[in-house]
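Heads up, the thing below is written out as structure tokens.
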Amino acid sequence: MPLLTDALAQALAIGTTPALDAMAALLSQHRPWTVLTGAGVSTGSGIPDYRDAQGAWKRPAPVRFQDFMAEPLTRQRYWARSLVGWPVFSQAQPNAAHQALARLEQAGYIQNLITQNVDGLHQRAGSQRVVDLHGRLDLVVCMGCQHRMARADFQHQLLAANPGWQHLSAQAAPDGDADLAGIDFSEFQVPACPVCGGILKPDVVFYGENVPPARRQQAMDHLAASGALLVVGSSLMVYSGLRFVHAAKQAGLPVAAINLGQMRDGAVLDMQLQEACAPALHSLADLLVPARGDGHFQ
């Protein structure tokens, strides 16, 4: 009986499927890739997502930029929920999906990673070429003078200004806040910018707010230097992510996706693997990253 080839033996050991094998073959022929990630990558770290398998909202839509800037009560409600939700969000750890992507980057398969997430977990897992498309929740920015501070430091200010809120707990929500119902937010104190007295906002792109043009162009430049686009954990319901799929197709690049559920403009994808992000990416990395020669993978 002939011996199994190394590639076949490795595939059998990993337990791959024909769909995963086909995706690995497609992507290996078009390296390096740009990867676009969404909320589905971080659900395994305990950070909820907004949409269900059909792409509909699971919960009320997030705060809109125009409301946050115009309405003091909206800011009070946002920061009160954030005060309660921040401890859970800030303690989240990278999961196997983040780790597999970092491993693929280190092996030369990923040229750049564009994330719609605001949790910084890709960097904590070891990914170095990351564009935080929607910003980072661990920073706070003044909308007047652009002064920035660490969100952890602002948490101390929120607690000092609202000592009666420090013992509240609630279910975590997607963007580092918490689901607080039946609470009067009108007395909640929101500290102003210590430099100019302006409005402080998390340094993330709210709904109704535009991605900074320079950041968007940086991501497009990385995509233009890539051989393929891999979408992971995103339904593409938000155009800030979908635009990269359209740009990739216009440039003639193959587009593959790993995502459970319905995707906007799914018909333009060359391939979609409907599996959970972490196990699919772990298997993909095992297929593509060469073994060290001691029976383990790099």
Side-chain angles (χ1 to χ4, degrees), residues 33-42 47 49-51 55 57 61-70 74-75 78 82 89 98 101 110-124 127-151 173-177 198-226 228-251 253 255 257 259 263-265 268-269:
W33 333 317
T34 285
V35 177
L36 173 68
T37 67
V41 172
S42 291
I47 299 175
D49 54 2
Y50 274 114
R51 299 180 186 272
W57 294 109
V63 173
R64 293 187 60 83
F65 174 70
Q66 293 81 357
D67 297 335
F68 184 89
M69 294 302 298
T74 297
R75 295 195 293 275
Y78 174 85
S82 180
F89 185 91
H98 301 103
L101 289 168
I110 295 176
Q111 191 266 350
N112 185 255
L113 192 153
I114 305 166
T115 184
Q116 297 172 280
N117 300 334
V118 295
D119 50 40
L121 292 179
H122 285 300
Q123 291 91 332
R124 291 173 62 186
S127 292
Q128 297 183 7
R129 305 183 188 100
V130 181
V131 176
D132 293 299
L133 190 66
H134 292 162
R136 290 279 295 268
L137 201 65
D138 56 3
L139 290 174
V140 176
V141 60
C142 173
M143 302 306 292
C145 68
Q146 298 300 300
H147 171 72
R148 281 173 167 79
M149 71 178 75
R151 175 63 183 81
D175 286 334
D177 51 357
I199 295 174
L200 292 173
K201 171 183 166 293
D203 197 9
V204 301
V205 177
F206 275 18
Y207 276 77
E209 187 178 9
N210 294 322
V211 174
R215 189 184 304 163
R216 183 176 66 243
Q217 188 59 51
Q218 179 190 19
M220 283 293 185
D221 290 344
H222 287 303
L223 178 62
S226 301
L229 175 65
L230 174 62
V231 180
V232 183
S234 174
S235 64
L236 300 174
M237 294 298 174
V238 179
Y239 185 72
S240 64
L242 182 64
R243 63 160 49 96
F244 296 103
V245 173
H246 291 170
K249 297 307 295 182
Q250 291 171 3
L253 303 181
V255 180
N259 186 67
M263 298 181 67
R264 181 178 175 186
D265 276 12
V268 307
L269 300 174

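Side-chain atoms are counted along with the backbone in the values below, which use heavy atoms only and exclude waters and symmetry mates. Keep in mind it's a predicted model, so treat the numbers as computed, not measured.
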Please tell me if the side chains of T37 and H122 come closer than 4.5 Å, counting only heavy atoms from C-beta onward.
-> yes
Min side-chain heavy-atom separation C142-M149 under 4.5 Å = no
CD (Q146) with more than 12 external heavy atoms under 6.0 Å = yes
Exam field: side chain D203 to backbone R136, donor-acceptor pair closer than 3.5 Å = no
Backbone of V205 reached by a side-chain donor or acceptor of H134 within 3.5 Å = no
Taking the side chain as every heavy atom from C-beta outward, state whether V255 and V268 have any atom pair closer than 4.5 Å.
-> no
Flag side-chain contact, heavy atom, 4.5 Å: V231 against F244 = no
Would you please classify the geometry between the F206 ring and the Y78 ring as parallel, tilted or perpendicular, with 30° and 60° separating the classes?
-> tilted
Decide yes or no for L253 and L229: does some side-chain heavy atom of the first lie under 4.5 Å from some side-chain heavy atom of the second?
-> no
Can you tell if the side chain of R129 reaches within under 4.5 Å of the side chain of Q111, non-hydrogen atoms only?
-> no
Side chains of R216 and R243 in contact at under 4.5 Å (non-hydrogen atoms) | yes
Spacing of R215 atom CZ and S240 atom OG [to the nearest 0.5 Å] | 11.0 Å
Find the distance between CZ (R75) and CD1 (I199) and round it off to the nearest 0.5 Å.
-> 3.5 Å
Of the non-hydrogen atoms in A150 and L139, which two are nearest, and what is the gap between them?
-> CA-CD2, 4.4 Å
Once you round to the nearest 0.5 Å, how far does CG of L133 lie from CG of L36?
-> 7.5 Å
Distance-only, no hydrogens or angles: does the N259 side chain make a donor-acceptor pair with backbone N or O of S234 under 3.5 Å?
-> yes
Do the side chain of R148 and the main chain of V141 share a donor and acceptor less than 3.5 angstrom apart?
-> no
With no hydrogens and no angle check, do the side chains of D132 and Q123 hold a donor and an acceptor under 3.5 Å apart?
-> yes
Partners meeting side-chain contact (heavy atoms from CB on, under 4.5 Å) with R264 (sequence neighbours left out) = L236, M237, Y239, L242
Taken in chain and number order and not counting sequence neighbours, the residues that satisfy side-chain contact (heavy atoms from CB on, under 4.5 Å) with D67 are R64, E71, T74
Going from CG on N117 to CG on L137, what distance comes out if it is rounded to the nearest 0.5 angstrom?
-> 11.0 Å
Any chance you could measure W33, atom CH2, to L101, atom CG, to the nearest 0.5 Å?
-> 8.5 Å
So, D138 side chain and R151 main chain: donor-acceptor pair closer than 3.5 Å or not?
-> no
Atom pair CG (L230) and CD1 (I110), whose distance is rounded to the nearest 0.5 Å | 7.5 Å
